[in-house]
Amino acid sequence: MPIRTRFAPSPTGYLHIGGVRTALFNWLFAKGQGGQFILRVDDTDQQRNVEAALAPILEGLRWLGLDWDEGPEVGGDFGPYFQSQRGAQYQAAVDALLACGAAYRDFARPEEIQAEREQAQEAGQQFTYSRKWMAADAAAAAAFEAAGRSGVVRLKMPRTGELVLQDLVRGPVRFAWAREQDHVIQRADGSCLYHLATVVDDHAMQISHVVRAEEHLSNTPRQMFIYQQLGYPLPQFAHLPYVAEPGSKHKLSKRKLAKYLKHRDFSRLKRHGDNIAARLGLSVEAEVFNPVIVDFYEQVGYLPTAVLNYLLLLGWSLDDATEEFTREQMRQHFSLDRVNKAPASFDPQKLLAFQERAFQQLPVKQKTALVLPYLQRAGLVCDPPPCATAPYLSQIVTAAGDRLKVAGDILDYEDFFVPDEQLAYDEKTLAKRFQNAAGAREILTDFRQELGATTSFDADAVEVVLKSFVQRQGIQMGQIVHVLRLALTGKAVGFGIFETLAILGKTRSLARMDRLLAQECD
RNA sequence: GGCCCCUUCGUCUAGCGGUCUAGGACUCCGGCCUUUCACGCCGGCAACACGGGUUCGAGUCCCGUAGGGGUCACCA
C-alpha cells in the first residue's frame with residue numbers, strides 16, 4: 001500500500017510554526033518513501049473568507065518548498081480538498097452510522113446537557129450522558145420534533161471495554177471506552193463536525209498515516225470508533241509532541257507574544273525582525289508580524305532550508321552529531337521512530353545559528369540576489385536596478401561577509417545607497433569620534449588631502465596610503481579609523497575601513513569627508 | 001478534578017544494562033585574532049527529577065512519588 005500522509009490546516013489566516021513542523025514531518029515521511037503528501041483544508045466550521053484565510057498558509061508552505069501532491073490549486077483524484085465541499089460524503093457516513101446503530105438522533109437542548117454535566121461534576125462523578133433525549137426510532141424523533149425540539153446526531157459510544165491505540169511515536173496507549181462521550185457529529189442544520197469529517201476524508205483520500213500533533217491523541221478513540229463502525233481499515237497513527245514556548249513546556253501560541261517578549265532571546269529575535277520591517281515600512285504588530293507565524297521569517301529574509309533544518313531537529317534527531325541536512329538528506333533520513341516523545345521548546349538563538357550557517361555557505365551571487373529586493377522595497381535601489389547596481393552590490397555583500405545573517409540585514413548598510421549629502425550621522429558617534437575627539441578634525445583634514453592626491457583607489461592601495469599616513473604622522477590607527485568611518489558611513493561599526501573606501505570610490509569618499517569636516521564643532 | 005502523555009546540561013539532543021569520571025549542538029563565561037562590528041580559533045561552566053526494587057552491574061528495565069503538559073465543545 002502506498003504511503004499517503006496529509007496536512008489538514010483549518011484556514012485561520014496564518015501558518016503557525018508548530019503547524020509547519022507537523023507539515024514537514026508529514027511531507028518528509030511521505031516523500032522519503034516515495035509516497036504522496038496531501039493538503040486538505042479543514043474548513044467545516046469556517047464560513048466566509050476561506051480563500052483569504054487560506055492564502056497565507058499556502059504561501060508559507062510554498063515558500064518552504066513543502067509542495068503537496070494533491071490539494072488546493074493542484075487538484076487530485078480524491079477531491080474536493082475542502083471539507084466545506086464534501087457534505088454529501090459526510091451525510092452518507094452519518095446515515096450509515098445511524099443505520100447500524102453506532103449513532104443516534106438526539107434532541108436534548110444544550111442547556112439540558114450542560115445541566116447533566118454540572119450535576120455529575122458536583123457529585124464528583126464522571127459525566128456520562130443519560131441519553132434521555134435520544135430518539136430510539138423515527139416515531140420518537142417525530143414526537144420530539146412535534147414538541148419543538150431540534151435534533152443533532154451523536155455517536156453511540158460503547159460504555160464498557162478498552163481500546164489500545166498503537167501509536168507510531170508513543171507505542172501502545174490504552175483508553176477505557178467508558179470515558180468517552182457521545183460526541184455530536186452532525187448539527188441540527190445538517191453540518192458535520194470535525195471528528196466525522198476527518199475520518200471520512202482520511203479514508204476517502206486513502207491516507208495511510210495520520211501524523212499530527214499530540215493534542216489530537218485524546219480525540220483518537222472516538223475517531224477509531226467511527227472507522228470501525230463504518231468498516232474502514234484503520235490508518236497508522238503518529239502523535240507528535242507539540243512545539244513549546246521558549247523556556248517553558250506550554251504549547252507555543254501566537255496569542256502569547258507579549259509573554260514571550262520577556263524572554264531575552266525571543267525578544268532579540270523580534271527586535272531584529274522589527275528593525276528590518278521598519279525600514280521596509282511594514283507593520284510590526286503581533287497580529288501580522290510574529291515569530292510564531294512563519295511569514296515573519298520570510299519577511300525578514302531567512303532561508304527556507306534553515307528554518308526547515310531547525311524545525312526538523314525540534315523533536316527529531318538522526319544521531320549524536322549530525323545537525324546539518326540538505327532537503328534531500330532530510331527526506332532520506334527522516335523516520336517516525338526517531339521522533340521524540342517529549343515536547344521541545346522553541347529556541348530562537350538556535351534557529352538563528354542554523355540560519356547563519358546556511359547563509360554563510362551561499363555564494364556571493366546568490367546572496368546578492370536575495371538581498372536586492374530588500375533594497376528595492378526600502379526605496380534604496382530602483383526596480384529594475386540600474387546596470388551598475390550588480391557589481392556595486394556584489395562588492396558590498398562581499399565586504400559585509402558574515403555580518404549578513406538574514407537577507408534583510410543588508411539594510412544595516414543603507415548608507416552605501418543614500419546620496420552623500422543625505423548621510424545621517426549617529427549622534428553618539430559623532431560626538432565621541434569627531435566633536436569631542438581631540439585632533440580628529442585636523443587628522444581627517446590632513447588625510448583628506450593625502451587621499452585627494454591618490455590615483456589608485458582599490459582596497460590595497462588605500463591601505464598603503466593610510467598606513468603610511470599613520471606612520472608619518474606618528475599617530476595610532478585608532479585615531480584616524482574611527483573618525484574616517486564616521487565620515488564615510490555615519491556609523492561607529494561597519495566593514496573594514498579599506499573596503500569601505502574602495503566601495504565608495506574616490507569621489508564619494510572625499511565628498512563624505514568634506515561633508516563631515518563642514519560640520520560645526522562645539 | 002477525571003483521563004491520557006511526558007521527565008538527560010539554561011535550550012535542542014545522543015544514550016536502546018557494562019565502552020558514561022554521560023557525548024554533540026546552541027546559549028553563556030573567559031582568552032586569542034583585530035581599525036570597529038561580525039566571523040573565526042582555543043578553553044571553560046553546566047544534566048541522568050526523587051524513592052524503591054530487578055541485576056554481579058541501571059541514565060538505560062519494573063513499580064511508586066513528585067513535577068510538567070495535553071485534553072475533557074453543537075472548535076479544529
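Nothing here was measured: the structure is a model prediction, and the numbers come from that model. In what follows, every chain begins at residue 1, and chains take the letters A, B, ... in the order their sequences are listed.
Annotation: C5(B) and G30(B) have their C1' atoms spaced 42 Å apart (nearest Å). Going from the P atom of C45(B) to that of G15(B) covers 25 Å, rounded to whole Å. Here the separation of C6(B) from U65(B), taken at their C1' atoms, is 15 Å to the nearest Å. U71(B) and C16(B) have their P atoms separated by 34 Å, with the value rounded to a whole Å. Between G40(B) and G67(B), the two C1' atoms lie 42 Å apart (nearest whole Å). Look at the C1' atom in both C50(B) and A66(B): the space between them is 7 Å, to the nearest Å. Only the C1' atoms considered, A14(B) is 38 Å distant from G1(B), to the nearest whole Å. Between the P atoms of G43(B) and G24(B), the separation comes to 11 Å (whole Å).
Centroid-to-centroid, the aromatic rings of Phe416(A) and Phe495(A) come within less than 6.0 Å.
The aromatic rings of Trp316(A) and Phe334(A) sit tilted, their planes meeting at an angle between 30° and 60°.
If you check G23(B), U27(B), U35(B) against the side chain of Asp320(A), the one that comes closest is G23(B). Taking only side-chain atoms of Arg264(A), from C-beta outward, the nucleotide of U27(B), C37(B), U35(B) with the closest atom is U27(B). Closest contact between the side chain of Ala342(A) and the listed nucleotides C4(B), U7(B), A76(B) involves U7(B). For Leu314(A), taking side-chain heavy atoms from C-beta onward, the closest of the listed nucleotides U36(B), C39(B), C12(B) is C12(B). When the nucleotides C74(B), A38(B), U35(B) are ranked by their closest atom to the side chain of Val481(A), U35(B) comes out on top.
Rounded to an integer number of Å, the gap from Leu311(A) CG to C26(B) P is 18 Å. Atoms CD (Gln223(A)) and P (C72(B)) sit 12 Å apart, rounded to a whole Å. Protein atom CZ of Arg357(A) is 13 Å distant from nucleotide atom P of C39(B), rounded to whole Å. The separation between Asp347(A) atom CG and C28(B) atom C1' is 12 Å, rounded to whole Å. Across the protein-nucleic acid pair, Ile396(A) atom CD1 and A38(B) atom C1' stand 17 Å apart, rounded to whole Å. Distance CZ (Arg212(A)) to P (C4(B)): 18 Å, rounded to an integer number of Å.
A donor-acceptor contact under 3.5 Å is not formed by the side chain of Arg170(A) with the base of C5(B). Side-chain atoms of Lys350(A) and base atoms of A25(B) include a donor and an acceptor less than 3.5 Å apart.
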- Under the salt bridge (charged side-chain N to carboxylate O under 4.0 Å, His left out) rule, what do Glu323(A) and Lys350(A) come out as? Steps first, then yes or no, please. CA-CA 11 Å; Glu323(A) 291 232 306; Lys350(A) 189 137 185 174; 3.5 Å; yes
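Checking the phosphate oxygens (OP1, OP2) of G15(B), a side-chain nitrogen or oxygen of Arg338(A) falls inside 4.0 Å. Checking the phosphate oxygens (OP1, OP2) of C12(B), a side-chain nitrogen or oxygen of Ser345(A) falls inside 4.0 Å. Phosphate proximity of A76(B) to Thr44(A): present, with a side-chain N or O under 4.0 Å from OP1 or OP2. Within the structure, a side-chain polar atom (N or O) of Asn340(A) is placed less than 4.0 Å from OP1 or OP2 of A14(B). Contact annotation: Lys341(A) does not reach the phosphate of G70(B) (side-chain N/O to OP1 or OP2, under 4.0 Å). One finds no side-chain N or O of Lys249(A) lying less than 4.0 angstrom from the OP1 or OP2 phosphate oxygen of U11(B). Contact annotation: Arg268(A) reaches the phosphate of C28(B) (side-chain N/O to OP1 or OP2, under 4.0 Å). For the pair Arg187(A) and A73(B), the criterion of a side-chain N or O lying under 4.0 Å from OP1 or OP2 is not met. The phosphate of C72(B) (OP1 or OP2) has no side-chain N or O of Ser218(A) nearer than 4.0 angstrom.
Lys405(A) forms no cation-pi arrangement with Phe359(A), by the criterion of a distance under 6.0 Å to the ring centre and an angle within 45° of the ring axis. By the 6.0 Å and 45° rule, Arg357(A) stacks over the aromatic ring of Phe354(A). A cation-pi contact, defined as under 6.0 Å to the ring centre and within 45° of the axis, is absent between Arg264(A) and Phe266(A).
Nucleic acid contact for Gln126(A): none, since no nucleic acid atom lies under 4.0 Å from a heavy atom of the residue. If you check every strand for non-hydrogen atoms under 4.0 Å, His239(A) touches nothing. Counting non-hydrogen atoms under 4.0 angstrom, Ala344(A) reaches the backbone sugars and phosphates but no base. As judged by a 4.0 angstrom heavy-atom cut-off over every strand, Gly478(A) is placed among residues making no nucleic acid contact. In this structure, Lys491(A) reaches neither bases nor backbone, as no heavy-atom distance under 4.0 Å exists between it and the strands shown. Across all strands, Ala108(A) comes closer than 4.0 Å to base atoms (heavy-atom distances). Counting non-hydrogen atoms under 4.0 angstrom, Phe498(A) reaches a base of the nucleic acid. Backbone-only engagement by Gln360(A) is indicated by non-hydrogen atom pairs under 4.0 Å involving sugar-phosphate atoms exclusively. Across all strands, Arg117(A) comes closer than 4.0 Å only to sugar-phosphate atoms, never to a base (heavy-atom distances). Residue contacts for His195(A): at a heavy-atom cut-off of 4.0 Å it reaches a base atom on one of the strands shown. Backbone-only contact: Leu313(A) has heavy atoms under 4.0 Å from sugar-phosphate atoms and none from a base. Note on Gly315(A): only backbone sugar-phosphate atoms sit closer than 4.0 angstrom, heavy atoms only; bases stay farther off. Among the protein residues, Phe495(A) comes within range of the nucleic acid bases, having at least one heavy atom under 4.0 Å from a base atom. The residue Val173(A) sits close only to the backbone: its heavy atoms come under 4.0 Å of sugar-phosphate atoms, none of a base.
With Tyr14(A) contributing its side chain and Val294(A) its backbone, the two residues share no donor-acceptor pair below 3.5 Å. Without hydrogens or angle criteria, Asp182(A) side chain to Met157(A) main chain gives a donor-acceptor distance under 3.5 Å.
Searching all strands for a Watson-Crick or G-U wobble partner of C33(B) with both distances below 3.5 Å returns nothing. Applying the Watson-Crick and G-U wobble criteria (two distances, each under 3.5 Å), G44(B) pairs with C28(B). When both pairing distances are held under 3.5 Å, G2(B) makes a Watson-Crick or G-U pair with U71(B). Pairing for C61(B) goes to G53(B), judged as Watson-Crick or G-U wobble with the two contacts each under 3.5 Å.
Gln361(A) and Gln366(A) share no donor-acceptor pair across their side chains, judged by distance under 3.5 Å alone.
Comment: Asp201(A) engages Arg40(A) in a salt bridge, judged by a side-chain N to carboxylate O separation of less than 4.0 angstrom.
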